[in-house]
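Below you'll find the structure, written out as structure tokens, and then a few comments.
Values below: all heavy atoms of this structure, side chains included; hydrogens, waters and symmetry mates excluded. Just so it is clear, the model here is predicted, and its values are computed rather than measured.
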Amino acid sequence: MAERRDASISDIDTAMQLGAGNPMGPILLCDYVGLDTTLNILRGWKQEFPHEPAFFVPNALEAKVKAGKLGRKSGEGFYFWDDGVNSTKPTGVSGLE
């Protein structure tokens, strides 16, 4: 949705948090866990279930990992994390690039 510009990163996370009752949105969760970890999980699911359309790797995720923007552990992913791995909440939205 974010890559198609249907919704912003923060809108997606807010909708899933408030609408689905999740403790945090999916993009924030990926940043918190690590975008490299998320990428490896998605690649494994895609390999295991090649015909499942839900298991695709977003271009923005691959680009972030390639650029070394791994989320909380590096201080920037789809969000900014000013205290790196010590951060518990992001300090702003980095975006797709």
Side-chain angles (χ1 to χ4, degrees):
M1 290 178 71
E3 284 186 320
R4 292 189 316 253
R5 307 285 193 244
D6 291 337
S8 71
I9 289 169
S10 58
D11 286 345
I12 293 166
D13 280 334
T14 300
M16 290 304 294
Q17 185 175 8
L18 300 177
N22 294 339
M24 67 178 69
I27 301 170
L28 180 59
L29 178 61
C30 291
D31 247 38
Y32 192 84
V33 170
L35 297 182
D36 54 337
T37 301
T38 301
L39 180 59
N40 285 331
I41 291 167
L42 283 175
R43 284 179 175 162
W45 286 345
K46 185 176 177 174
Q47 183 177 350
E48 186 71 25
F49 304 102
H51 302 294
E52 174 56 57
F55 300 140
F56 72 97
V57 178
N59 293 331
L61 177 60
E62 288 184 322
K64 288 281 188 184
V65 172
K66 185 176 180 179
K69 297 178 180 181
L70 307 178
R72 184 174 63 113
K73 64 175 80 175
S74 69
E76 182 183 351
F78 292 106
Y79 288 90
F80 292 111
W81 303 82
D82 286 349
D83 293 329
V85 295
N86 296 320
S87 295
T88 57
K89 292 187 177 186
T91 54
V93 178
S94 172
L96 293 174
E97 286 79 39

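Proximity of L39 to E62: side-chain heavy atoms (C-beta onward) are separated by under 4.5 Å at one or more points. A 4.5 Å side-chain heavy-atom check between P90 and F80 finds every atom pair outside the cut-off. Within the 4.5 Å cutoff, the side chain of L42 has heavy atoms near those of the P58 side chain.
The shortest heavy-atom contact between Q17 and G25 is CB-N, 4.5 Å. Considering all non-hydrogen atoms of both residues, M24 and L29 come closest at SD-CA, 3.6 Å. Nearest heavy-atom pair, S74 versus G68, reported as atom, atom and distance to 0.1 Å: OG-O, 3.5 Å.
Between the side chain of D13 and the backbone N or O of L28 there is at least one donor-acceptor pair closer than 3.5 Å. For the pair D31 (side chain) and F78 (backbone), a donor-acceptor distance under 3.5 Å is present. In this structure, K64 contributes its side chain and G77 its backbone to a donor-acceptor pair below 3.5 Å.
Atom CD of E52 has more than 12 heavy atoms from other residues, nucleotides or ligands within 6.0 Å.
Rounding to the nearest 0.5 Å places CG of D82 at 10.5 Å from CD of E76. Rounding to the nearest 0.5 Å gives a distance of 9.5 Å between CG of L61 and CG of D36. In this structure, CD1 on I27 lies 4.0 Å from CD1 on I12, to the nearest 0.5 angstrom. Considering OH of Y32 and OH of Y79, their distance stands at 14.5 Å, rounded to 0.5 Å.
At a threshold of 4.5 Å between side-chain heavy atoms, the hydrophobic network of Ile, Leu, Val, Met, Phe, Trp and Tyr places M1 and V93 in one connected group. Linking Ile, Leu, Val, Met, Phe, Trp and Tyr whenever their side-chain heavy atoms come within less than 4.5 Å puts L70 and V57 in one cluster.
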